[in-house]
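A short write-up of the structure that comes next.
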There are 2 protein chains.
Amino acid sequence: MKETTLKEIAETLGISITTVSKALKNYSDVSEKTRKAVYALAEELNYTPNSFAVNLRTKESKTIGLIIPEVVHHFFSNVINGIIAEAEKNGYLVIILQSNESLELEKKQVALLINKRVDGIIMSLSNESNNDFHIKEILRKEIPFVQFDKISKLIPSSKVIINDQKAAMEAVQHLIDKGCKKIAHIRGLENPQNSIDRFIGYKKALEKNGIPFDPKLVYACKSITFEQGVVFAKQIIEDDLGIDGIFVITDLVAIGVLAHFNEIGIQVPGQIAIIGFSNWFVSQVISPKLSTVDQPNYEMGVAAFGLLLEEIVCRKNGKPFEPKIVELGTSVIVRESTLKK
Amino acid sequence: MKETTLKEIAETLGISITTVSKALKNYSDVSEKTRKAVYALAEELNYTPNSFAVNLRTKESKTIGLIIPEVVHHFFSNVINGIIAEAEKNGYLVIILQSNESLELEKKQVALLINKRVDGIIMSLSNESNNDFHIKEILRKEIPFVQFDKISKLIPSSKVIINDQKAAMEAVQHLIDKGCKKIAHIRGLENPQNSIDRFIGYKKALEKNGIPFDPKLVYACKSITFEQGVVFAKQIIEDDLGIDGIFVITDLVAIGVLAHFNEIGIQVPGQIAIIGFSNWFVSQVISPKLSTVDQPNYEMGVAAFGLLLEEIVCRKNGKPFEPKIVELGTSVIVRESTLKK
DNA sequence: AATATAATCGAAAACGTTTTCGAAATTACC
DNA sequence: GGTAATTTCGAAAACGTTTTCGATTATATT
């Protein structure tokens with residue numbers, strides 16, 4: 001399978017490789033006549049530039065890397081979608097790697113991408129990750145870098161985020177508005193920024209409404225799973241603290257809670273109202289439909305690539321780059337699980 | 001940001017580039033002494049080979065392409081997972097592109113990957129796609145190629161599939177075993193192979209049990225969506241044909257049906273039993289839990305990469321390659337939606 | 001017709017690696 | 001001490017492109 005090269009075109013046309021190359025890139029110092037001839041022959045021979053050679057010469061691969069905790073995840077797969085679409089629109093391809101929420105694996109993935117000499121990296125940190133060496137290495141090498149969703153505030157890079165505190169406050173406020181008096185919070189893991197911020201938002205909402213904060217009403221997830229939701233649902237019934245509303249870190253856990261309540265006959269929202277976070281697809285097809293906080297997944301991906309491209313272009317021109325932060329809006333989606341009258 | 005090169009190591013050590021290269025690759029014609037020295041300095045200078053140069057020289061990128069109809073999809077995201085994991089294990093990275101079920105886009109994506117000179121392509125066809133020019137081009141260029149899930153039997157390449165006919169038969173047989181007398185089928189689009197095969201399986205199961213096939217009981221999806229399920233649920237009630245069991249092309253549509261039946265008070269499985277296909281995650285968290293056919297998603301990805309790698313290795317050694325077909329097993333998962341006593 | 005200006009071309013270096021093949025240095029052997 | 005065998009090394013070509021800069025040719029200006 002012989003691929004046509006510039007050399008081949010040059011030889012059959014009796015001109016130099018230089019001229020062929022310049023003709024194809026529409027340089028001004030090649031005559032209309034030869035330009036047309038080159039284009040015609042290139043078309044005929046089905047010429048496509050050898051990207052390996054182009055990469056080597058231009059020192060860029062027109063490829064970016066994406067590292068996320070997990071692919072099989074409604075939120076992340078939507079973000080992937082946005083990134084791929086926007087990247088392609090700008091002539092970039094996307095290599096996707098998974099950290100599986102493991103710091104070790106994340107380090108390895110970063111190394112792989114640096115080795116591959118991608119033009120930039122977009123990343124959502126794994127739970128254990130923070131401002132570690134592998135991240136510092138990305139910055140030291142001045143590889144364009146954007147964080148989204150699960151970020152570390154300590155890392156000076158561009159970021160695409162939502163205002164988790166504000167969003168959580170609004171969710172809890174919604175429960176209060178619907179008449180909930182004793183609101184529990186099923187929070188996320190200890191480390192992740194969004195887990196912390198949503199917890200803070202929960203407390204702020206209580207405070208704002210003059211409701212005393214009670215640490216006994218906070219349940220901390222060991223894992224973000226459906227099963228974890230079931231476990232805490234049981235726990236909440238057992239604890240019997242008079243809880244009438246629950247704000248859950250994410251929809252997946254919330255539907256675990258919901259499923260158990262359904263099973264044992266607890267009325268939702270009658271006895272206990274539930275609101276989740278992230279607006280997973282399943283939330284609108286279960287019964288009762290789960291109220292939640294919508295965050296713009298696809299747009300997050302688009303924004304992330306946008307920021308990355310800005311940095312890529314800026315650095316290519318040798319200018320220093322100033323990281324930017326894009327904050328996208330969220331909204332409470334009211335469905336059946338909080339619809340007390 | 002100067003990267004260390006072989007040249008640099010060679011100069012500071014006072015030896016040739018050749019020797020450095022060979023030392024790092026443990027060639028036998030370099031003495032233990034210089035080998036150690038090279039390794040030490042390479043380590044110290046944090047040397048990593050320039051992959052652009054390696055690609056150009058070796059004519060391979062250690063990167064494969066993956067084209068799927070959509071990323072945000074429980075089945076496909078699981079397959080992606082399997083492919084990425086297996087690829088990484090073997091030193092390959094994965095570029096993912098989406099066809100959005102559009103033939104035009106699919107052609108463009110194929111062109112992009114060929115241009116990028118990936119070492120191989122794994123693909124699940126879009127609905128409109130068949131044995132078109134862009135696919136023939138892959139084969140003509142002898143680019144290692146594997147189809148999975150939505151395949152075309154006309155394309156002579158390796159394939160990873162399930163036995164859709166057999167799986168569908170088992171699903172319908174299950175409905176019959178549970179006492180269903182009048183079984184409808186909500187089938188997929190006209191074109192896709194798995195849609196056709198599941199329909200055939202449905203008919204065969206009826207035939208095997210002496211139940212006459214009635215085309216009025218077949219509803220053909222215009223799109224594979226939740227909403228399509230709702231539409232057909234209404235239709236089925238309106239038609240009032242005494243249907244007591246439904247075999248649905250895929251879970252997403254099935255839960256649309258289920259949601260509407262729940263809403264208007266049709267008992268599932270009491271009045272109508274429902275079985276879906278593909279074992280989506282949501283099927284186990286809705287009420288009633290949806291019976292379905294499980295197909296091994298992750299394993300499909302692993303198998304697909306395995307076949308691709310076989311072809312890559314084979315072709316690299318200049319041997320002719322004989323396409324292989326891997327058929328993975330499925331199983332009926334019995335949950336609440338078919339649990340008539 | 002001579003000179004100045006503009007248009008068109010190509011030689012060559014460079015990107016960083018891999019690999020072939022021959023040369024040099026070392027060791028073994030009689 | 002001379003030859004043969006073995007070990008160790010490096011020059012050079014090759015992969016295919018991009019770009020600089022000088023050379024050549026054609027056109028414009030007096």
Side-chain angles (χ1 to χ4, degrees), chain A residues 1-39 41-42 45-63 91 114-117 119 141 316-318, chain B residues 1-39 41-42 45-63 91 114-117 119 141 316-318:
Chain A
M1 274 292 84
K2 198 62 188 45
E3 298 281 343
T4 43
T5 65
L6 292 183
K7 192 179 171 192
E8 225 176 298
I9 297 179
E11 278 170 0
T12 58
L13 244 44
I15 58 180
S16 76
I17 294 176
T18 307
T19 306
V20 177
S21 173
K22 289 201 278 197
L24 289 172
K25 310 192 87 200
N26 295 325
Y27 274 48
S28 62
D29 68 343
V30 33
S31 73
E32 186 64 13
K33 201 177 116 221
T34 60
R35 202 183 65 83
K36 285 231 174 99
V38 170
Y39 264 85
L41 188 58
L45 298 181
N46 227 318
Y47 170 79
T48 60
N50 181 317
S51 64
F52 297 159
V54 176
N55 290 346
L56 177 60
R57 179 58 222 227
T58 62
K59 296 178 185 301
E60 51 178 21
S61 58
K62 291 285 181 182
T63 305
I114 292 181
N115 245 277
K116 198 80 184 175
R117 282 173 159 75
D119 295 344
K141 292 201 170 218
K316 194 156 78 171
N317 296 336
Chain B
M1 271 295 83
K2 199 57 188 47
E3 297 281 345
T4 44
T5 65
L6 291 183
K7 192 179 171 192
E8 225 177 297
I9 296 179
E11 280 171 358
T12 57
L13 245 44
I15 58 181
S16 77
I17 295 176
T18 307
T19 305
V20 176
S21 173
K22 289 200 280 197
L24 289 172
K25 310 192 87 199
N26 295 323
Y27 274 49
S28 62
D29 67 343
V30 33
S31 72
E32 186 64 12
K33 202 176 114 218
T34 60
R35 203 184 63 84
K36 285 232 173 101
V38 169
Y39 263 84
L41 188 56
L45 298 180
N46 226 318
Y47 170 80
T48 61
N50 181 317
S51 64
F52 297 158
V54 175
N55 289 346
L56 177 60
R57 179 58 222 231
T58 61
K59 293 179 186 304
E60 52 179 19
S61 58
K62 290 287 182 181
T63 304
I114 292 181
N115 244 276
K116 197 80 186 177
R117 283 173 158 72
D119 295 343
K141 293 201 170 218
K316 194 156 79 172
N317 296 336

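Each chain gets a letter, A, B and so on, in the order its sequence line appears, and its residues count up from 1.
For B:S16, whose side chain is taken as the heavy atoms from C-beta onward, the closest listed nucleotide among D:dG16, D:dA11, D:dT19 is D:dA11. Taking the side chain of B:T18 as heavy atoms from C-beta on, and the options C:dT18, C:dG16, D:dG10, the nearest nucleotide is D:dG10. Distance from the side chain of B:T19 is smallest for D:dC9 among the nucleotides D:dC9, C:dT17, D:dC15. In the set D:dC15, D:dT17, D:dT19, the nucleotide with an atom closest to the side chain of A:Y47 is D:dT17.
A:N46 is linked by a side-chain contact (heavy atoms from CB on, under 4.5 Å) to nothing, counting only residues two or more places apart in sequence or in another chain.
The phosphate of D:dT19 (OP1 or OP2) has a side-chain N or O of A:Y27 nearer than 4.0 angstrom. Within the 4.0 Å cut-off from OP1 or OP2 of C:dT8, not a single side-chain nitrogen or oxygen of A:K33 is found.
Side-chain contact between A:K59 and A:R117 is absent, with no heavy-atom pair separated by less than 4.5 Å.
Rounded to whole Å, the distance from CZ on B:R57 to P on D:dA12 is 17 Å. Rounding to whole angstrom units, CZ of residue A:R117 and C1' of C:dT17 are separated by 11 Å. For the pair B:N55 CG and C:dT18 C1', the interatomic distance rounds to 13 Å; values are reported in whole Å. Between A:K25 atom NZ and C:dC9 atom P there is a gap of 18 Å when expressed in whole angstrom units. Atom CG in A:L6 sits about 20 Å away from atom P in C:dA14, given to the nearest Å. Counting to the nearest Å, the P atom of D:dA11 and the CD1 atom of B:I15 are 11 Å from each other. As a whole-Å value, the separation of A:I17 CD1 from C:dA14 P is 17 Å. Put simply, CZ on B:F52 is 18 Å from C1' on C:dT18, counting in whole angstrom units.
Using a 4.0 Å heavy-atom cutoff across all strands shown, B:S31 reaches sugar-phosphate atoms only and no base atom. Residue contacts for B:S21: at a heavy-atom cut-off of 4.0 Å it reaches a base atom on one of the strands shown. Residue B:K22 is in base contact, counting any heavy-atom pair closer than 4.0 Å across all strands shown. Using a 4.0 Å heavy-atom cutoff across all strands shown, A:D29 reaches at least one base atom of the nucleic acid.
Remark: side-chain polar atoms of A:T58 are paired, donor with acceptor, to backbone N or O of A:V54 under 3.5 angstrom. Listed for the A:Y39 side chain is a donor-acceptor partner under 3.5 Å among the backbone atoms of A:L24.
Positionally, the nearest nucleotide of DNA chain D for B:G14 lies more toward the 5' end than for the other of B:G14 and B:L56. Both B:T34 and B:A53 lie near DNA chain D, and the one whose nearest nucleotide falls closer to the 5' end is B:T34.
Shown here for A:F52 and B:N55, the closest heavy-atom pair between the two residues is CD1-O, 3.3 Å.
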